[in-house]
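Data block below; observations after.
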Amino acid sequence: MTYLFAPPPVPSVPVRGTDARFPIHRIYCVGRNYQEHAKEMGFTGNEPPFFFLKPADAAFVVEEGSTGPWPYPSLTKHLHHEVELVIAIGKGGKNIAAADAAQHIFGYAVGMDMTRRDLQNDMKKQGRPWCVGKGFDHSAPIGPITAVEQAGDAAHAGLWLHLNGQERQRSNTSQLICNFADTIAYLSTAWELQPGDLIYTGTPEGVGPVVPGDQLQAGVDGLGTLTITVV
């Protein structure tokens, strides 16, 4: 086969404790999946969660023990941080039963869903897609993936984010409206999940603005930390 130009490299995430890398297929995100975050965004917190996607190459991968120089995006004057637990799918499938969902999880990681909030809000007002607010370059920072066997109880794990050393977000994954199993089950009815899919499961309350020069450190119990500096 002859390509017109060289295909881009496959985006991938390191797997903790190994030399292997997890190739990214798609990035799915769950919206308003913590009740208190939904409320701070002006909603009741009683709506069922919904889903959107980011390009696979929107992943901004930070190696373990490193601080990633994260580029402040264009067009926005109101950028927000959102810490999330990320599910890494290791076995694909369609119409997966919630009771079988755990069999499809390879591991978990710490992630951030960076959001051009002003652009997202403009799109909401116009009834248009959020892509420009959510799916921009580098919008999905992620740290190394921890295999299920080493991850502990990720479904009842604390997660948090510090901005310049000050705590901004803290909650527990047990507070998710749509839990891991139900999220996987629902997504697999709308798309055929594939090995390499990442699912950003939603952010708790406390989201807020980020400016150049800020350092963000996010963590999930059992999964390590993710640190970026906005440049």
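By convention here, the first residue in the shown sequence is residue 1. Just so you know, these numbers use all the heavy atoms, side chains as well, and skip hydrogens, waters and symmetry mates. Values in this document were obtained by computation on a predicted structure and should not be read as measured data.
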Any side-chain to backbone donor/acceptor pair from Thr173 onto Ala157? Under 3.5 Å, distance only. yes
Ignoring hydrogens and angles, write down the donor-acceptor pairs under 3.5 Å from the side chains of residues 84-100, residues two or more places apart or on other chains.
{"residue": "Glu84", "atom": "OE1", "partner": "Thr201", "partner atom": "N", "Å": "3.4"}
{"residue": "Glu84", "atom": "OE1", "partner": "Gly202", "partner atom": "N", "Å": "2.7"}

List the residues meeting side-chain contact (heavy atoms from CB on, under 4.5 Å) with Tyr3, not counting sequence neighbours, and say none if there are none. Met1, Pro7
Would you say the side-chain atoms of Ser12 and Arg21 include a donor-acceptor pair closer than 3.5 Å? yes
Given 3.5 Å as the limit, does a donor-acceptor pair link the side chain of Asn33 with the main chain of Cys178, or not? yes
On a heavy-atom basis, the closest approach of Leu163 and Arg168 is CB-CG, 3.7 Å
Give the minimum heavy-atom separation between Val220 and Val110, together with the two atoms involved. N-CG2, 3.7 Å
If you take all heavy atoms of Ala218 and Val83, which pair is closest and at what distance? CB-CG2, 3.6 Å
Output a table of donor-acceptor pairs, distance under 3.5 Å, between side-chain atoms of residues 129-151 and any protein atom two or more places apart or on a different chain; print 'none' if there are none.
{"residue": "Lys134", "atom": "NZ", "partner": "Glu82", "partner atom": "OE1", "Å": "3.4"}
{"residue": "Lys134", "atom": "NZ", "partner": "Glu82", "partner atom": "OE2", "Å": "3.4"}
{"residue": "Lys134", "atom": "NZ", "partner": "Asp113", "partner atom": "OD2", "Å": "2.7"}
{"residue": "Lys134", "atom": "NZ", "partner": "Thr115", "partner atom": "OG1", "Å": "2.8"}
{"residue": "Ser139", "atom": "OG", "partner": "Lys54", "partner atom": "NZ", "Å": "3.2"}
{"residue": "Ser139", "atom": "OG", "partner": "Lys134", "partner atom": "O", "Å": "3.0"}
{"residue": "Ser139", "atom": "OG", "partner": "Phe136", "partner atom": "O", "Å": "2.8"}
{"residue": "Thr146", "atom": "OG1", "partner": "Arg16", "partner atom": "NH1", "Å": "3.0"}

In a table with atom names and distances, give each donor-acceptor pair under 3.5 Å that connects a side chain of residues 224-231 to protein atoms at least two apart or in another chain.
{"residue": "Thr227", "atom": "OG1", "partner": "Gln217", "partner atom": "NE2", "Å": "3.3"}

Separation between CE (Met112) and CH2 (Trp70), nearest 0.5 Å, reads 9.5 Å
Which residues pass the side-chain hydrogen bond (donor to acceptor under 3.5 Å, both in side chains) test with Arg170, sequence neighbours left out? Glu167
Which heavy atom of Val211 sits nearest a heavy atom of Tyr72, and at what distance? CA-CE1, 4.1 Å
Asn179 (side chain) donor-acceptor with Asp182 (main chain) under 3.5 angstrom: yes
Minimal heavy-atom distance between Ile24 and Ile27, with the atoms involved, is CG2-CG1, 4.1 Å
Between Asp118 (side chain) and Thr76 (backbone), is there a donor-acceptor pair under 3.5 Å? no
For Gln215 and Thr67, which I'm curious about, is there any donor-acceptor pair between the side chains at under 3.5 Å? no
For Gln169 and His81, test the side chains for any donor-to-acceptor distance below 3.5 angstrom and give the result as yes or no. yes
Would a distance-only check, ignoring hydrogens and angles, find a side-chain to backbone donor-acceptor pair under 3.5 Å from Asp197 to His25? no
Any ring pair (Phe, Tyr, Trp, His ring centres under 6.0 Å) pairs touching residues 165-189, not counting sequence neighbours? Phe51-Tyr186, Tyr108-Phe180
Check the orientation of Phe52 and Phe50. Use parallel for under 30°, tilted for 30 to 60°, and perpendicular for over 60°. tilted
Please answer: with hydrophobic residues joined when any side-chain heavy atoms are less than 4.5 Å apart, are Met114 and Met123 in the same cluster? no
Testing the basics here: between Pro14 and Glu63, what is the closest heavy-atom pair and its distance to 0.1 Å? CG-OE1, 3.5 Å
